[in-house]
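Worksheet: the structure to be examined is printed underneath.
Here is the naming used below: chain letters follow the sequence lines, and residue numbers restart at 1 for every chain.
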2 protein chains.
Amino acid sequence: MLKETIQIITQTFSPLSDECKKELEQYAQIQSFQKGHQLVKEGQFSDKLFFIVEGCARAYYLKDGKNITDWFAFEHDFICAINSFFLFIPSPHYIELLEDSTLLVVSREDMMTLSDKYHDFERLGRISTTKTMLQLQQRVVSLQFESSQQRYLNLISIYPHIELRVPLGDIASYLGITQETLSRIRASRNRI
Amino acid sequence: MLKETIQIITQTFSPLSDECKKELEQYAQIQSFQKGHQLVKEGQFSDKLFFIVEGCARAYYLKDGKNITDWFAFEHDFICAINSFFLFIPSPHYIELLEDSTLLVVSREDMMTLSDKYHDFERLGRISTTKTMLQLQQRVVSLQFESSQQRYLNLISIYPHIELRVPLGDIASYLGITQETLSRIRASRNRI
DNA sequence: CGCCGAGTTGAACTGAATCAAGAAACGTGG
DNA sequence: CCACGTTTCTTGATTCAGTTCAACTCGGCG
């Protein structure tokens with residue numbers, strides 16, 4: 001499973017030499033957890049990068065006691081406590097599993113070692129970061145001046161099955177709206 | 001000026017070997033333009049990355065005839081037509097100079113050559129992309145559930161002098177609000 | 001069965017948009 | 001250096017999308 005997963009990663013992002021792949025196999029681990037498990041809690045220093053083999057997860061933070069989803073990850077997506085991982089600070093985010101999931105886990109330290117040693121791996125990092133940057137840029141555009149309905153339609157065009165896998169309230173906060181508003185948007189769509 | 005600028009870049013992001021620096025000097029150019037000059041227009045394929053030596057610029061797009069700022073760049077920031085540059089598609093963005101400016105310009109092709117040849121340069125790319133990703137993530141959080149006043153305060157804490165250099169309407173659309181609302185926020189602050 | 005979390009619906013409220021008008025600042029040419 | 005038009009900014013009145021608060025429905029499950 002580890003080898004297959006690394007294969008998927010290299011195919012999706014950028015190829016790695018056999019040598020580099022072999023070394024990555026040494027460092028990476030496959031782990032499974034149940035739905036509801038918290039991979040990261042607020043305040044922790046998290047130095048782990050997760051790649052979803054099977055299942056899904058979300059990153060969220062608390063604002064005025066409310067639970068705000070910041071990021072979803074499904075099969076073949078990366079997820080990490082972005083601020084903690086890259087800035088070495090306590091995480092403002094929680095990361096929790098929305099389903100029983102299987103993950104590939106690598107530590108920042110091991111990634112740094114691989115990045116130093118292999119130009120290949122550095123490139124994989126650059127390319128996956130670039131993809132994430134482009135996704136975030138799209139989200140900014142969406143949050144800037146689209147109506148909540150447009151943002152919702154956007155999201156389900158990117159993740160058509162998200163409603164079957166993720167609670168309504170989590171989707172709502174990701175879109176920057178309340179659960180009630182999302183429920184009404186959905187209702188008005190079903191009427192058409 | 002070229003050498004000094006490259007020096008600034010390596011100090012800000014990640015060091016480069018002398019050899020790599022020398023080759024970058026071959027490819028990069030310093031160019032100056034007047035305020036109002038459009039570096040990129042909507043629909044163009046833009047394969048240039050710009051680094052602001054002196055001056056400032058903004059990226060914007062048109063939505064329903066309205067002008068929406070997506071990105072500001074000041075001294076020592078990068079700016080490019082992000083979608084066109086990374087996805088090889090016609091740019092939805094314009095990029096215009098807000099002041100008379102001096103820029104360092106590199107083409108994507110030359111950057112690819114350097115990335116292939118120098119591990120150093122690949123790393124510089126990864127690190128600068130990571131910084132941009134983190135900035136965008138902060139902006140998403142800001143747009144998701146902060147009030148327009150909080151977003152404004154955020155912005156001026158990051159760029160204290162932005163109001164002296166950038167028209168109000170451009171700042172407003174960057175924050176996802178109208179010019180009128182921003183004017184009122186400012187007025188209410190001055191009253192306190 | 002009754003509880004519980006997730007989703008829905010309703011009514012009142014509010015922050016920000018819109019529309020409209022005017023004031024201030026800015027640049028350009030006489 | 002002033003007069004002019006243009007762009008930028010402010011202020012007011014009205015409207016509207018989305019929030020808030022509260023009650024209710026539904027399906028699952030001990």
Side-chain angles (χ1 to χ4, degrees), chain A residues 34-38 56 58 60 62-69 72 96-100 141-156 161-192, chain B residues 34-38 56 58 60 62-69 72 94 96-100 142-156 161-192:
Chain A
Q34 289 195 321
K35 173 173 175 166
H37 177 75
Q38 293 191 316
C56 59
R58 72 176 183 119
Y60 67 96
L62 299 179
K63 180 177 168 89
D64 308 330
K66 273 171 234 158
N67 195 299
I68 299 180
T69 302
F72 290 117
E96 71 167 17
L97 299 180
L98 297 167
E99 298 173 355
D100 294 353
V141 168
S142 186
L143 287 165
Q144 231 176 338
F145 274 108
E146 286 182 357
S147 68
S148 52
Q149 170 154 309
Q150 284 171 317
R151 298 205 291 279
Y152 169 72
L153 294 176
N154 253 354
L155 182 69
I156 57 173
H161 304 303
I162 194 169
E163 296 192 313
L164 303 173
R165 302 178 72 178
V166 180
L168 184 82
D170 295 349
I171 298 174
S173 67
Y174 179 83
L175 295 173
I177 60 180
T178 60
Q179 170 164 330
E180 293 92 327
T181 300
L182 182 52
S183 179
R184 282 182 246 266
I185 287 170
R186 209 145 66 154
S188 76
R189 270 186 68 66
N190 293 339
R191 248 177 273 123
I192 296 166
Chain B
Q34 289 195 320
K35 173 174 175 167
H37 177 76
Q38 293 192 316
C56 59
R58 72 177 183 119
Y60 68 96
L62 299 179
K63 179 175 169 91
D64 308 330
K66 273 171 235 156
N67 197 297
I68 299 179
T69 302
F72 290 117
Y94 296 79
E96 71 168 16
L97 299 180
L98 296 167
E99 297 173 354
D100 295 351
S142 185
L143 288 165
Q144 231 176 339
F145 275 107
E146 286 182 356
S147 68
S148 51
Q149 170 153 309
Q150 284 171 317
R151 297 205 292 279
Y152 169 72
L153 295 176
N154 253 353
L155 183 69
I156 57 173
H161 304 302
I162 193 169
E163 294 190 314
L164 303 173
R165 301 178 71 178
V166 179
L168 184 83
D170 295 349
I171 297 174
S173 67
Y174 180 83
L175 295 173
I177 61 180
T178 60
Q179 169 164 327
E180 293 92 326
T181 300
L182 182 52
S183 178
R184 282 183 247 266
I185 287 169
R186 209 146 65 154
S188 77
R189 270 187 69 66
N190 292 340
R191 245 176 277 124
I192 297 164

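Rounded to a whole Å, the CG atom of Leu182(A) is 15 Å from the P atom of dT20(D). The interatomic distance linking Gln179(B) (CD) with dA20(C) (C1') rounds to 14 Å, in whole Å. With rounding to whole Å, Asp100(B) atom CG is found 14 Å from dG27(C) atom C1'. Distance CG (Leu175(A)) to P (dG18(D)): 11 Å, rounded to an integer number of Å. Regarding Ile185(B), its CD1 atom lies at a distance of 9 Å from the C1' atom of dA16(C), rounded to whole Å. Between the OH atom of Tyr152(A) and the P atom of dG18(D) there is a distance of 15 Å, rounded to whole Å. Rounded to an integer number of Å, the gap from CD1 of Ile171(B) to P of dT7(D) is 19 Å. Atoms CG (Asn67(A)) and P (dG5(C)) sit 14 Å apart, rounded to a whole Å.
When distances run from any side-chain atom of Leu168(B) to the nucleotides dG18(D), dT11(D), dC9(D), the shortest one goes to dC9(D).
Between Ser183(A) and Ile177(B), it is Ser183(A) whose nearest contact on DNA chain C lies nearer the 5' terminus. Where Ser148(A) and Glu163(B) each meet DNA chain D at their nearest nucleotide, the meeting point lying more 5' is that of Glu163(B).
Between atom SG of residue Cys56(A) and atom CD of residue Glu99(A) there is a gap of 3.5 Å, rounded to the nearest 0.5 Å. Taking CZ of Arg165(B) as the start and CD1 of Ile171(B) as the end, the distance is 11.5 Å to the nearest 0.5 Å.
Taking only side-chain nitrogens and oxygens, Arg186(B) comes nearer than 4.0 Å to OP1 or OP2 of dT10(D). Within the 4.0 Å cut-off from OP1 or OP2 of dT19(D), at least one side-chain nitrogen or oxygen of Thr178(A) is found. One finds a side-chain N or O of Lys66(B) lying less than 4.0 angstrom from the OP1 or OP2 phosphate oxygen of dT18(C). Between Thr181(B) and dA16(C) there is no side-chain N or O to OP1 or OP2 distance below 4.0 Å.
Glu180(B) contributes no side-chain N or O that forms a donor-acceptor pair with the base of dC9(D) under 3.5 Å. Side-chain atoms of Arg184(B) and base atoms of dG15(C) include no donor and acceptor less than 3.5 Å apart.
Shortest non-hydrogen contact noted between Ile177(B) and Ile185(B) is CD1-CD1, 4.1 Å. When all heavy atoms of Ile68(A) and Gln144(B) are compared, the pair lying nearest together is CG2-NE2, 3.6 Å.
Between Tyr94(B) and Tyr60(B), the ring-plane angle classifies as parallel under the 30° and 60° cut-offs.
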